[in-house]
Amino acid sequence: MYEEIFAESDEFNGFLKAVRSSGAAHSYLLIGKDSFSAKEMATLFAKALLCPNMCGECEHCKKVSARLHPDVKYFPEGARLLVEDSKKIVDESYTRPIFADKKIFVISDIDLSTEEAQNKLLKSLEEPSEGVYYILTTSNIEKVLPTIRSRCNKIEIKPVEKEKIAALLRGDEMTKALAVSLGGGYVSRSFELAKKRNLVEIAELGVGLLKDLSSSKEAVRWVRKIVDLKADVSLLIEVCNVAIEDALLVKTDKDACIRLEVLRLQIEEAAKALSIKCLSSLCGVLTKAVRDLSYNVNLPLVADNMVMNILEVKYLCK
């Protein structure tokens with residue numbers, strides 16, 4: 001079901017046009033913040049190399065879709081590419097394909113690999129064997145060696161249109177709408193969010209912190225709600241940040257398109273109650289909370305500090 005989304009993308013169609021006309025390059029680096037999308041696109045590229053018609057019916061198409069094609073090799077075999085993986089890739093690049101006239105190596109998340117593993121691939125990328133193709137993916141190009149980057153044709157994977165993602169999600173409409181909005185056009189992120197049964201609760205709590213929290217008498221109740229979220233506190237803070245961005249947009253243009261459209265009424269109330277200075281200052285409070293979480297500060301303490309700091313900002317900006 002994902003293939004249809006990526007097959008319609010400009011990135012893939014540009015690649016397919018090259019395959020059908022001038023021919024494909026021997027190495028590609030697919031760059032996308034969503035690792036899942038980049039991996040799915042890499043498989044689609046492999047299929048196009050073996051069947052430029054993308055018929056979906058031939059053995060090449062069927063075997064690639066099932067990830068059973070003997071001439072399409074997927075690496076790494078573990079969590080990240082190691083020197084042993086690279087050695088295996090280099091060795092296998094010299095053997096003839098079994099089923100097709102090409103051999104394709106799909107190497108995911110090259111940015112997570114060791115420097116030694118990347119260096120081991122350099123010569124193969126620079127001087128590929130006849131009929132051998134490399135498709136690498138990364139979600140952080142800065143961690144890919146410059147020598148690897150220079151040897152690959154770089155293609156940036158853009159976010160997917162939200163309507164297309166929404167059509168694939170299951171669940172109640174509000175959860176789906178929030179998953180798509182917070183997912184930012186990234187398929188795996190949206191699917192991950194759509195699985196959360198308490199996503200609506202988290203979103204409403206995040207907006208509520210901005211809109212409804214008004215006195216220290218309520219602090220204990222709000223802190224308890226935050227602590228109860230446990231691992232989802234980071235998501236709560238993300239929602240708060242999005243809500244602030246939306247509220248700032250609404251303050252400048254009441255009809256502005258906002259990300260949390262399903263919570264527009266609450267966002268408009270927050271925008272009416274809070275000044276631009278207040279909203280901007282609250283961003284600093286949330287940044288501190290994120291930093292404290294990254295430092296493994298005790299969660300109840302993080303929650304307490306965040307609530308009290310929000311109250312302080314609201315008071316000072318009255």
Side-chain angles (χ1 to χ4, degrees), residues 2-3 5-50 52 54 64 67 69 71-90 92-93 102-160 184-189:
Y2 306 114
E3 184 174 296
I5 289 180
F6 299 114
E8 295 174 354
S9 68
D10 292 338
E11 305 93 299
F12 176 69
N13 282 297
F15 171 77
L16 189 59
K17 184 178 180 180
V19 171
R20 290 172 174 173
S21 56
S22 57
H26 280 273
S27 56
Y28 289 87
L29 179 60
L30 307 186
I31 309 158
K33 291 182 179 179
D34 182 16
S35 177
F36 172 85
S37 295
K39 291 174 184 177
E40 289 294 313
M41 188 74 83
T43 297
L44 202 58
F45 273 39
K47 182 183 288 189
L49 284 170
L50 296 174
M54 295 293 289
V64 173
R67 298 213 172 192
H69 201 291
D71 299 317
V72 181
K73 305 292 184 180
Y74 294 89
F75 288 89
E77 296 181 342
R80 62 174 182 161
L81 193 78
L82 303 175
V83 173
E84 291 73 18
D85 293 311
S86 294
K87 286 180 179 178
K88 188 176 291 187
I89 291 169
V90 172
E92 289 196 23
S93 71
K102 300 179 180 70
K103 178 167 282 191
I104 303 166
F105 293 93
V106 176
I107 306 171
S108 299
D109 299 320
I110 188 70
D111 52 290
L112 300 181
S113 66
T114 63
E115 186 173 326
E116 294 78 9
Q118 291 188 48
N119 276 319
K120 186 68 179 176
L121 292 174
L122 285 178
K123 188 174 182 181
S124 295
L125 291 173
E126 189 171 26
E127 301 174 6
S129 301
E130 182 80 25
V132 175
Y133 295 83
Y134 299 91
I135 305 172
L136 289 64
T137 77
T138 179
S139 55
N140 188 347
I141 194 170
E142 296 303 320
K143 291 188 177 181
V144 181
L145 292 179
T147 44
I148 291 280
R149 292 182 233 165
S150 67
R151 286 161 172 76
C152 297
N153 282 36
K154 293 175 283 294
I155 297 177
E156 187 171 350
I157 308 302
K158 299 174 184 175
V160 176
Y186 298 110
V187 178
S188 61
R189 173 69 166 154

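What you are looking at is a predicted structure, and each value in this text was computed from that prediction instead of being measured.
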**Q.** Over 12 foreign heavy atoms within 6.0 Å of NZ, Lys39
**A.** yes
Q) What is the distance from atom CG of Asp10 to atom NZ of Lys158, rounded to the nearest 0.5 Å? A) 5.5 Å
Q | Exercise: identify the closest heavy-atom pair between Val187 and Asp34 | A | N-OD2, 3.2 Å
Q. Is there a donor-acceptor pair closer than 3.5 Å between any side-chain N or O of Ser27 and the backbone N or O of Ile135?
A. no
Q | Exercise: identify the closest heavy-atom pair between Asn13 and Ala7 | A | ND2-O, 3.3 Å
**Q.** Residue pair Leu136 / Tyr28, side-chain heavy-atom distance below 4.5 Å
**A.** no
Q) Is there a side-chain contact between Tyr186 and Ile157, using heavy atoms and a 4.5 Å cut-off? A) no
Q.
For Leu29 and Asn153: C-alpha separation, side-chain torsions, deciding distance, then whether side-chain contact (heavy atoms from CB on, under 4.5 Å) applies.
A. CA-CA 6 Å; Leu29 179 60; Asn153 282 36; over 6 Å; no
Q.
To the closest 0.5 Å, what do you measure between CD (Glu115) and CD1 (Ile148)?
A. 10.5 Å
Q) Quick one: CD on Glu130 to NZ on Lys103, what's the gap to the nearest 0.5 Å? A) 14.0 Å
Q) Roughly how far, to the nearest 0.5 Å, is the CE atom of Met41 from the CD atom of Glu11? A) 4.5 Å
Q: Any chance you could lay out the side-chain contact (heavy atoms from CB on, under 4.5 Å) test for Asp85 and Ile107, step after step, and finish with the verdict?
A: CA-CA 10 Å; Asp85 293 311; Ile107 306 171; over 6 Å; no
Q. Does the side-chain contact (heavy atoms from CB on, under 4.5 Å) test come out yes or no for Leu30 and Phe45, once each step is laid out?
A. CA-CA 10 Å; Leu30 307 186; Phe45 273 39; 3.7 Å; yes
(Q) Check whether Ser129 reaches the backbone of Val132 with its side chain - one donor and one acceptor, N or O, closer than 3.5 Å. (A) no
**Q.** Nearest heavy-atom neighbours spanning Phe15 and Ala48
**A.** CE2-CB, 3.8 Å
Q: Give the C-alpha distance, both sets of side-chain angles, the deciding distance and a yes or no for side-chain contact (heavy atoms from CB on, under 4.5 Å) between Ile104 and Asp71.
A: CA-CA 6 Å; Ile104 303 166; Asp71 299 317; over 6 Å; no
Q. How many angstroms lie between CG in Asn119 and OG in Ser86, if you round to the nearest 0.5 Å?
A. 9.0 Å
Which donor-acceptor pairs under 3.5 Å do the side chains of residues 137-147 make with protein atoms, sequence neighbours left out?
| unit_1 | atom_1 | unit_2 | atom_2 | d |
| --- | --- | --- | --- | --- |
| Thr137 | OG1 | Asp109 | N | 2.9 |
| Thr138 | OG1 | Asp111 | OD1 | 2.8 |
| Thr138 | OG1 | Asn140 | N | 3.0 |
| Thr138 | OG1 | Asn140 | O | 3.2 |
| Asn140 | OD1 | Glu142 | N | 3.3 |

Q. Side-chain contact, heavy-atom cut-off 4.5 Å: His69 with Lys47?
A. no
Q | Residue pairs passing the ring pair (Phe, Tyr, Trp, His ring centres under 6.0 Å) test where at least one lies in residues 128-159, sequence neighbours excluded | A | His26-Tyr133, Phe105-Tyr134
Q.
More than 12 heavy atoms of other residues, nucleotides or ligands under 6.0 Å from NZ of Lys33: yes or no?
A. no
**Q.** Nearest non-hydrogen partners of Ser93 and Ser124, listed with the distance
**A.** OG-OG, 4.4 Å
Q.
Once rounded to the nearest 0.5 Å, what's the spacing between atom CG of Leu125 and atom CD of Gln118?
A. 10.0 Å
Do any side-chain atoms of residues 72-81 form donor-acceptor pairs under 3.5 angstrom with protein atoms, and if so which ones, sequence neighbours left out?
| unit_1 | atom_1 | unit_2 | atom_2 | d |
| --- | --- | --- | --- | --- |
| Lys73 | NZ | Pro70 | O | 3.2 |
| Glu77 | OE1 | Lys88 | NZ | 3.3 |
| Glu77 | OE2 | Lys88 | NZ | 3.1 |

Q: Report yes if the side chains of Leu44 and Met54 come closer than 4.5 Å at any heavy-atom pair, otherwise no.
A: yes
